[in-house]
Protein chains: 2
Amino acid sequence: MGELSPLFTPDRVAVVGATERPGSVGRALVENLVADFEGEVVPVNPNADEVCGLEVVDGVGGTGADLVVVAVPAPVVLDVVREAGEAGIRNVVVISAGFAEAGGEGAGRERELAALAEEYELNLVGPNCLGIISTPVGLNATFAPRSAPSGTISFLSQSGAFVTAVLDWAADHGVGFKDVVSLGNKAVLDEADFVDSWGDDEGTDVIVGYLESIEDGRRFVDVARAVTRETPVVVVKSGRTEAGAQAASSHTGAMAGRDRAYEAGLREAGVIRADTVQDLFDAARVLAGQPVPETDGVAVVTNAGGPGVMATDAVGEEPLSLAEFGSDTLDRLRERLPEGANVYNPVDVIGDADNERMRAAVDAVLDDDAVGAAVVIAAPTATIDYGDLAADVADLQAHHDLPVTTCLMGGERARQADDVLDEAGIPNYFDPARAVGSLGTLSRYRDVRDRDLPEPTTYDVDREAARDVLERASDRGTNRLGVEAMSLLDAYGIPTPAGEVVDSPVDALDVAERIGDRVVMKIVSPDILHKSDIGGVKVGVPREEVYDAFEDLVARARNYQPDATILGVQVQEMVEMESGVETIVGTNRDPQFGPLVLFGLGGIFVEVMEDTAVRIAPLAESEARTMLDDIKAAPLLSGARGRDPVDKAAVAETLGRLAQLVTDFPAILELDVNPLVARPDGVQAVDLRLTVDPDNL
Amino acid sequence: MGELSPLFTPDRVAVVGATERPGSVGRALVENLVADFEGEVVPVNPNADEVCGLEVVDGVGGTGADLVVVAVPAPVVLDVVREAGEAGIRNVVVISAGFAEAGGEGAGRERELAALAEEYELNLVGPNCLGIISTPVGLNATFAPRSAPSGTISFLSQSGAFVTAVLDWAADHGVGFKDVVSLGNKAVLDEADFVDSWGDDEGTDVIVGYLESIEDGRRFVDVARAVTRETPVVVVKSGRTEAGAQAASSHTGAMAGRDRAYEAGLREAGVIRADTVQDLFDAARVLAGQPVPETDGVAVVTNAGGPGVMATDAVGEEPLSLAEFGSDTLDRLRERLPEGANVYNPVDVIGDADNERMRAAVDAVLDDDAVGAAVVIAAPTATIDYGDLAADVADLQAHHDLPVTTCLMGGERARQADDVLDEAGIPNYFDPARAVGSLGTLSRYRDVRDRDLPEPTTYDVDREAARDVLERASDRGTNRLGVEAMSLLDAYGIPTPAGEVVDSPVDALDVAERIGDRVVMKIVSPDILHKSDIGGVKVGVPREEVYDAFEDLVARARNYQPDATILGVQVQEMVEMESGVETIVGTNRDPQFGPLVLFGLGGIFVEVMEDTAVRIAPLAESEARTMLDDIKAAPLLSGARGRDPVDKAAVAETLGRLAQLVTDFPAILELDVNPLVARPDGVQAVDLRLTVDPDNL
C-alpha cells in the first residue's frame, strides 16, 4: 500500500456542502458516494436536515470522518479545512474553485490552504478539482456523472473534464481503474506524490497521467525513477508545441516548462510519454493486461496477406523485429499448414484457414525461443469463428505467458471476441499498426524496467578555484564571461589548449614563446560577442608578429566600440582540428527540472539542424555516453567517411564534468563550450561563453 | 460516369460456377447478388438446374448478360472467358485463383487470360480476387459475408481479405461506399484504370486504396495527377519498411518497388499517403463528408481546458495554425461567455456551459474570416446534451459551409451524437488529436487540388553530342564512366569547370596553360573508383609541376593496378569552393516509376544523414525548385551563418536538365554529379560518375 492509501480507503466520508439541490455539485457528490461505497457517508450542511435520505451533520468536526470532501464556496473553504484539521481528519479533497486559477485573492487563499495543510499534516487534493475515486472500496468522491469500471490502472489528471470524459469512455473499451485522482491546482499533493504512493500499491499495475505541467521536476524524476523499475508510468504531457504550451499556461495558471526539458526529465524518470489520448490508453491497456517480452522478436500470424504486410511495416517502425523461426517451428508449421501458406514470418495460414489451423500456428510460433511476442490477425472469413479464435488466443497467451495482441478485423464480428479478449487483457484493434504498436510499448517498458540506474558520476575537481573565477567576474560587475574564464574548465578537469589572457604585447610574446611556433590570438571583451566579425581573432600568428598582432587586435576593438571594456588578448595554442570533430557542449536551467546539459555537433548541426541531445544534470557518465548516440549525426563521431572515431569516453566525461559544474554552482545560468574539439585521442575546449547570476554565488 | 462504369452498372449478371453447395464461393456469389441487385442474376452451371431458386443456364453464351462473374477452377477459366467474349460480353470478373500468384503454369495461364482480354476488349477484374460491389444498383458481385453500406467513397484493394474486413467494420463506423473493387492479380485492370474511371464518376467523392505495388508507376502518376485535381485519392501503400516490402512480395508475387520511388511518385500524383488503416479511413471520412478549407487557420471551441490544450498541440503537428480572431469575434465571444472563460483561441466556454453557450461560441468563430475550419470539443457535463450539441454543430457547419470535426468525449454519451454527426459527414473522435488530424488532411488535399501542374521543362540541349559521348564509351566496351564524360554535362547545358582529359604530359601542360596558374589534375580510369585513396588527385598544381604531375599520376595508377585501363589525366580549372556549398545531384531508375532525380548536400548529408529529396523525371523546373526546400539542411542554401545564399535557380535548372538527360537516354542507369558546387553566382559540376547500359543506346 502506498503512503497515500488512507485517502483511498476511508471508513467514513464527510461531504461538506452536501445539499438536495438538483444539479448541484454537493448533491452529485453524495449521490456518487452513496451508490457503491462500502463505508459510511455523512453529509455536512448547517442549513439542511437530510440529503439523499442521510441525516445531515452541522459541522465537519462532529462527523468522525477520516476523509472530508469540501464543496463549499471558496471563502468558506479555509474554515472548513481548519475545522477538519482540528478534528484530526487527515484526508481532505477540496472540490471548490476560486483559488490560484482565479487569480487575484484566490492565489493568496491557495497559499493559506497549503499552510493549513502543512500545519495539520493533511493529505490534501485540489482545490479546483473533480475529486477522487477508488474502485476496490466503491469510493466515488467526485461529481462526475459516471464512476470508474474497476481494474488495475491508476489515473491522475490535471484536467477534471478529461477525467469525466475518460470515465464515460472507459466502460465501453475494456479499461478499468484502481484509483483516479483529479489533481486540480495541486496546492499540496501533486503528481509526484501519487506516482510515489501508487508505486507501492499492489492493486496498481500501471500509472497513467494527463499533465500540463510538473510542479517540481527534480522531485518527480527522483520519485518516478524508482517507481518505474516495477510499475510502468505513461503520461501525456500536453503543451508539447509552442501553441499548446501557451494554451496550457492560460488554462491552469501553471507555467508549462519548455518541452525539451520535459523530454529529458521524463526520459530520466523512465516515464513512457504518449503524444495523444489514444496512445495513452493503448499503452495503459497493454501494460495492464500483458506481460513484458524478454526479446524484441515478434511473430505475426494472419489468415490474410495484406493485413500481415501492414503489421510487418509497423514492426519496422517500432523497437521490434520480425522473429526468425527455428527449424523446429518451421517443420511444425509445414506439417500443419497447407500448400500456398507461408511458414516464414509473417505466417500466412491463408484465407480458408479454420480455427484449428490458426490455433496450431499461433501455438507453434509462441513455442519458438526467438519469439518474444505475437500479433494474431484475422480477416472475417466463413471458416473462422472470432469468438472461438479469441478463446484460443487467450488460452495460448496464458499458457505460454508471452504478450499477445490481436487484430480481429471487422465491426459486428469483432465484437463477438471483445469480452473474451478484454477478460484476458489482450488488446484488440482493427488497425494492425496499433496491435503492433502496443507490443512496441511493452518493449520500451522492458528497457526502462531493466535499465541501469547509476548514481551521477562525481569527479575530482577544484571547486574553490572555480568559485574564485566566478567571484572575480562578479567583482568586475559583469555577468557575461568568455575565454577569460577558461580556468573554470581547468578547475573541473576539462582539457583546454595552453593559453593565457594577457594585457600587454610583451606578455603576449612571453606566452607565445612558451606555447609554440604559431599561436591563436583573440580579443577578450565582455562587450564584443562576435569577435570574428570585427577581425578580433587571428589564427596561426608566427612569433615575430605576436607583438604587432596584440596592438592591432586592441586597436580594432577600440575602433569598433570606443568604450568597450577590454580585458586583454588571449594567446592560445593552435588546436589541431584536422582529425577532430567540432562539438558543442552546453548547459542551461529549466524552472522545473533545474540544470540541463546539451550536446550536439558544431557549426550547422546545432544551429541549423537543431540536432541535439539533452539530459538533466547531474549525470552518470554512462548516461552522458548515450547522448552521443542520440543525435542524428552520431555516425560522424564513429568514424564515418574513413576517419578515425573520436574519443567518445572523453566527450562523455566532459559532459559529466560540466553537469557537475552547473550542479555545484547555481550561479551559472548558461554555459557554452563551442567548439569542444573531439579527436581520436581526446578533447579540447577551445572557446567558452557563460552567463552568471552574481547574486546566487 | 467513368470509362469503367459498365462494370458497375450491369443489367444482367451471369455467375459461372454457381452452385447450391453450402459454404461454396459459387453459392455465396449468387446469394449476395440476389440480395439487393436491381438487375437480373443468371446462374451458369452445366451440372445443375436451380441455384437459390433461380433457373440455371448451361453456358455463359446463352445468358444475355453484360457482366459475367467467373468462379470455376482455374483450368476452365480461359474457356469461359473466351465464350463470354464471343458472346459479346465486355465485363468480366474472375474470382478464381490459380494464376500468377500460384507460380508455375499459373503464370502462363494469366498471360493467356490477358491476351484474351485484349482480343475481346474486355474490362477484366482479377483473377484471384473477391469481386466487385456497386451500391447504387445494389450490386454485390463478391463472396464477402457482408456487403457495403452505401456512400460516396470508392475503394480499391490489392488484398481481398482486407475488403471483407473493411466491409464488416464500415457499417459500424459511418463509412459508406459507392464502388468497391478487389484488384486480385491485376492481369488486365489495375489501380490506374479505376482511379481514372472514378475520377469521372459523379457518385465518387473520394478514392481510397490499399496497394502493395503499383503496376505501371508512370501511368499511375499521369492518371492520378489529373484525377486529384477534383477527387482526392488516399492510399495505404504497404511494404513501406524493408521487412514489409519483403512480406509484400512473397504475398502477391508483385515486386514492391523501393519506398523512396513510391514516395516521389505518389507525391507527384497528388495522392495522399496514409501510413495506417486508421489514417486511411480517417482521411476518407473527412474528405467525403467535409468541404475543403480556404485557409489553414483553425478555431478550437471546448468546454474543457485540458482537451483544448491537446487539440492545440495537435494543431502544431499539422499544416495548420490557430486562427487569430478579429475584434468583432472577440467582442461577440465576450458578450456571450461568462467571466473565467477564454475568448482567445482555443476558446474555453468552461465546464458549466450549456448547449446555447456552446452554440453561440461555435457560431461566432465560424463567422471569423481568419477561421478556415473548426474543432468542437466537449467533455460530458451535466449541462451539455450531446445529441443537441451534435445537431447544433451539424446545423452551423452546413450554414457556414466550413469544415468542422468534433471530439465529443465519452462512450455511451458520445453515441447519442453519432447518428446526427454521421448524417452530416462530421467525423467525431474521442482523441482531440484525431479530430485535428482530419482537418490537416483537408488542408493537405486543398494544396494538392490547387497546385500548379506545369509541364516538364524542356531545355535547349545538344542531344547528338550527348549520344556521341555515350556511344564512344560503349565502343570502348565499358559501362562505367567518369570525368572523361564531362562533355555529356556540357551537351546538356550544365556548367562544368574548364578542363580536358589528356593522354600526354605535353598536352597536359598545353591545357594547363590555357586554364590558369594552378590546376587540378586527376587520373582517369574506369578501373579506379576511389581516385583520392591512391593519391590520384592533385589540387593546386602550379604550371611548372604539371608535366611531372602527369607522370606521377600515371605511375601511381599503374602501381596500384598494373592492368588498369588508363584513359588519361584530367586537367581541370581550380573551382572556387570557399563561397560555395557542395551539393549532390544524381539519377537512377526505378522498375515501376522510371528515372528518378535526387538532390542533397555533399559530404555527410547524403551519406550519413540520408537527407535527400527525390522526384520522378522529367521535371518541371518549379518542381525541381521545391527539392531544395525539402531537405532538412535547406537553410544552408539560404545563407545560414552569415553566408550569401546560393543561386537556387541554377541548382533547380541543373536538376531539370539532368532529368531531361536521363529521360532522353534510357541507357543511363545511374548518374552522380558529386559535387555540384553551388555558389551565389551559379553552379559548377566538378565530378561525375555514371553507369550505362550499352544495349539500350
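A, B, ... follow the sequence lines: proteins, then strands. Residue 1 opens every chain. Values reported hereafter were calculated over all heavy atoms of this structure, with side chains retained and with hydrogens, waters and symmetry mates removed.
- Highest contact tally toward chain B, considering only A/R434, A/M409, A/Q278, is held by A/Q278 [criterion: heavy-atom pairs under 4.5 Å].
- Residue A/V300 does not touch chain B at all, counting heavy-atom pairs closer than 4.5 Å.
- Contact annotation for B/A171: neither backbone nor side-chain heavy atoms come within less than 4.5 Å of a heavy atom of chain A.
- Contact record, B/T276 with A/D431: CB-OD2, 3.1 Å, taken as the closest heavy-atom pair.
- Heavy-atom minimum distance, B/P432 versus A/V277: CD-CG2, 3.9 Å.
- A pairwise comparison of heavy atoms in B/D313 and A/G239 identifies OD2-N, 2.8 Å as the closest pair.
- Across A/G306 and B/E212, no two heavy atoms sit closer than the pair CA-OE2, 3.2 Å.
- Using a 4.5 Å cut-off on side-chain heavy atoms (C-beta onward), B/F143 and A/T381 make no contact.
- Of the atoms belonging to A/D533, not a single heavy atom falls under 4.5 Å from chain B.
- For B/D275, no part lies near chain A; criterion is any non-hydrogen pair under 4.5 Å.
- Listed options A/E339, A/E317, A/R146, A/H173 were ranked by heavy-atom pairs under 4.5 angstrom with chain B; first place goes to A/E317.
- Neither the backbone nor the side chain of B/V163 comes within contact range of chain A; no heavy atom of the residue lies under 4.5 Å from a heavy atom of that chain.
- Chosen from A/F430, A/F162, A/Y344, the residue pairing most often with chain B at heavy-atom distances under 4.5 Å is A/F430.
- At a threshold of 4.5 Å between non-hydrogen side-chain atoms, the residues B/D172 and A/R415 count as touching.
- Heavy-atom pairs under 4.5 Å with chain B were tallied for A/P380, A/A379, A/A161; the largest tally goes to A/P380.
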